[in-house]
Enquirer: 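One structure is given below, represented as structure tokens, and several questions about it will come after.
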Amino acid sequence: YCKYGNFLDALACGDELVHKGATPTVATYNTLIYGFCKWGKMIEARVLFFHMLKKDLEPDLVSYNTLIYGYCRVGNIEEAFHLYDEIRSSDCVVPSVITYNTLIDGLCRSGDLDEAQRLKEVMTCHGFLPDVFTYTILVNGSCKMGDFSLAKDFFDEMLLEGLEPDCYAYTTRMVREMRVGAAYEALHLREEMVEKGILPSLITYNVLIDGLWKSGDYEEAKHLLQKMVQGGFFPDCVTYTCLINYYAEKGQLIEARKLFVDMIIRGLSPS
RNA sequence: UUCCAAUCUGAUAC
């Protein structure tokens, strides 16, 4: 219920359990808090946080990380750091790599890449080594700010640190390659990950297909569409939008409409 | 016997 934003059902479910004699734990509250945070409802999340305190339940690291995540996603970096300071001065809760990754992502999303980099140094000083998440966040953040050279530096640094990129890391790097017009490098990365036994995801395919399509390499794009289906992934709304948008921009509305109809026939609902 | 299942961070189009 929480993940899908059905707060009322989630809360009703919790009430029912309480009536039946069950006791909510910190994890129960964390789940609810996460539900509100994910949908940007920070006031409600905070209310639950206080509710937990009132019930003599000690918020744990997950509670704090979840709130930090929520504040970052609504762009309230100040409040996120306020909570971080609270953890740091607390005796019972200690930050983790996840705390730092969440804050670094928040800084990247607010456009403060410099501060994000600084925090990466800070976490290292505090004995938390950046992991694949940290680097993926920074590669993505650099790309979003248009600094593709920095994005590559972060990816390379991750390898130098002996970390093994996963599907997310590879896909993020592929976005970078597509943005700098190096479609073939992106394709090469896909082969590399497959050789390492890492399966590309639907998003990986969407990134490649979108990039290839925009670069005019329709043959390769179609080839990948086939590979994607062979791999058990079916085109989703994003895949279709990539192609529809291309035709729409070129003014080929009949072609665009064909794809749109095809998408509906396949049972996909437009966003 | 130690299996499965519960809470926190990262990637794509518009």
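So that the names make sense, note that chain A is the first sequence line, chain B the second, and so on, each numbered from 1. Note that the coordinates shown come from a computational prediction; the quantities given were computed from them, not determined experimentally.
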Enquirer: Take the protein atom OH of Tyr29(A) and the nucleotide atom P of A6(B), then report the distance between them rounded to whole Å.
Expert: 22 Å
Enquirer: Nearest-Å distance, OH (Tyr69(A)) to C1' (U7(B))?
Expert: 13 Å
Enquirer: Which residues in residues 126-145 of chain A have a heavy atom closer than 4.0 Å to any atom of RNA chain B?
Expert: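 Contacting residues: Val132(A), Phe133(A), Thr136(A), Ile137(A), Asn140(A), Lys144(A).
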Enquirer: Just to be sure I understand the rule, does Asp166(A) reach a base, reach only the sugar-phosphate, or reach nothing, if contact means heavy atoms closer than 4.0 Å?
Expert: base
Enquirer: Holding to salt bridge (charged side-chain N to carboxylate O under 4.0 Å, His left out), I want the full list of residues that pass it with Glu164(A), two or more places apart in sequence or in another chain.
Expert: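 Here the qualifying residues are Lys196(A).
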Enquirer: Just to be sure I understand the rule, does Thr102(A) reach a base, reach only the sugar-phosphate, or reach nothing, if contact means heavy atoms closer than 4.0 Å?
Expert: sugar-phosphate
Enquirer: What is the distance from OH of Tyr246(A) to P of A13(B), rounded to the nearest Å?
Expert: 18 Å
Enquirer: With sequence neighbours left out, write down each residue that passes salt bridge (charged side-chain N to carboxylate O under 4.0 Å, His left out) with Glu115(A), or none if nothing qualifies.
Expert: Arg118(A)
Enquirer: Base, sugar-phosphate alone, or nothing: which one does Val238(A) contact when heavy atoms must sit under 4.0 Å apart?
Expert: base
Enquirer: Figure out the CD/P separation between Glu177(A) and A11(B), and round it to whole Å.
Expert: 18 Å
Enquirer: If you take atom types as modelled and just measure distance, does the side chain of Ser201(A) reach the base of A11(B) with a donor-acceptor pair under 3.5 Å?
Expert: yes
Enquirer: Could you list the residues that satisfy salt bridge (charged side-chain N to carboxylate O under 4.0 Å, His left out) with Asp210(A), not counting sequence neighbours?
Expert: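 Once residues adjacent in sequence are excluded, the partners of Asp210(A) under the salt bridge (charged side-chain N to carboxylate O under 4.0 Å, His left out) criterion are Lys214(A).
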Enquirer: Okay, side chain of Ser90(A), backbone of Glu86(A): is any donor-acceptor separation there less than 3.5 Å?
Expert: no
Enquirer: Tell me, which of residues 74-99 of chain A have any heavy atom that sits under 4.0 Å from an atom in RNA chain B?
Expert: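 Going residue by residue through residues 74-99 of chain A, the ones with a heavy atom under 4.0 Å of RNA chain B turn out to be Ile98(A).
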Enquirer: Can you see if the side chain of Tyr34(A) gets near the phosphate of A6(B) - specifically, an N or O under 4.0 Å from OP1 or OP2?
Expert: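 For Tyr34(A), the contact criterion (side-chain N or O under 4.0 Å from OP1 or OP2 of A6(B)) is not met.
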Enquirer: Which pairs, with at least one residue in residues 140-152 of chain A and sequence neighbours excluded, count as a salt bridge (Lys or Arg N to Asp or Glu O under 4.0 Å)?
Expert: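 Sorted pair list: Lys152(A)-Asp156(A).
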Enquirer: Expressed in angstrom and rounded to an integer, what is the separation of Asn101(A) atom CG from U9(B) atom C1'?
Expert: 6 Å
Enquirer: For Asp262(A), give me all partners under salt bridge (charged side-chain N to carboxylate O under 4.0 Å, His left out), at least two apart in sequence or on another chain.
Expert: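 Here the qualifying residues are Arg266(A).
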Enquirer: Output the rounded distance in Å from NZ (Lys38(A)) to P (C8(B)).
Expert: 10 Å
Enquirer: I'd like a table of donor-acceptor pairs (distance under 3.5 Å, sequence neighbours excluded) in which one partner is a side-chain atom from residues 175-182 of chain A, with atom names and distances.
Expert:
from	atom 1	to	atom 2	distance (Å)
Arg176(A)	NE	Phe148(A)	O	3.0
Arg176(A)	NH2	Phe148(A)	O	3.2
Glu177(A)	OE2	Arg173(A)	NE	2.5
Glu177(A)	OE2	Arg173(A)	NH2	2.8

Enquirer: Counting side-chain heavy atoms from CB outward, which of U7(B), A11(B), A13(B) is closest to Thr171(A)?
Expert: A11(B)
Enquirer: Would you mind writing out the side-chain donor-acceptor pairs for residues 220-231 of chain A within the sub-3.5 Å range, not counting sequence neighbours?
Expert:
from	atom 1	to	atom 2	distance (Å)
Glu220(A)	OE2	His223(A)	ND1	3.4

Enquirer: Kindly state each residue pair satisfying ring pair (Phe, Tyr, Trp, His ring centres under 6.0 Å) with at least one member in residues 87-144 of chain A, sequence neighbours excluded.
Expert: Tyr84(A)-Tyr100(A), Tyr100(A)-Phe128(A)
Enquirer: Counting only side-chain N and O atoms of Arg73(A), is one of them less than 4.0 Å from OP1 or OP2 of G10(B)?
Expert: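 Arg73(A) to G10(B) OP1/OP2: side-chain N or O found under 4.0 Å.
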Enquirer: Considering just the side-chain nitrogens and oxygens of Arg179(A), establish if one lies under 4.0 Å of OP1 or OP2 belonging to A11(B).
Expert: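 For Arg179(A), the contact criterion (side-chain N or O under 4.0 Å from OP1 or OP2 of A11(B)) is not met.
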Enquirer: Looking across every strand, which nucleic acid part, if any, lies under 4.0 Å from Ala169(A) by heavy atom: base, sugar-phosphate, or nothing?
Expert: base
Enquirer: Does C14(B) have OP1 or OP2 under 4.0 Å away from a side-chain N or O of Lys214(A)?
Expert: yes
Enquirer: In whole angstrom, give the distance that lies between atom CG of Asn245(A) and atom C1' of U12(B).
Expert: 13 Å
Enquirer: Choosing from U9(B), U12(B), A11(B), which nucleotide comes nearest the side chain of Val207(A)?
Expert: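 Given the options U9(B), U12(B), A11(B), the side chain of Val207(A) is closest to U12(B).
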Enquirer: Scan for salt bridge (Lys or Arg N to Asp or Glu O under 4.0 Å) pairs involving residues 239-259 of chain A, sequence neighbours excluded, and state none if there are none.
Expert: Glu255(A)-Lys258(A)
Enquirer: Looking at Phe49(A) versus Tyr64(A), is the centre-to-centre ring distance below 6.0 Å?
Expert: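 That pair passes the under 6.0 Å test.
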Enquirer: Would you mind reading off the distance between Met263(A) atom CE and A13(B) atom P, rounded to a whole angstrom?
Expert: 16 Å
Enquirer: Are the aromatic rings of Tyr218(A) and Tyr246(A) close, with centres under 6.0 Å apart?
Expert: yes
Enquirer: Relative to each other, are the rings of Tyr29(A) and His51(A) parallel, tilted or perpendicular (30° and 60° limits)?
Expert: tilted
Enquirer: Quick check on contacts: within residues 105-115 of chain A, what sits under 4.0 Å from RNA chain B by heavy-atom distance?
Expert: Asp105(A), Arg109(A)
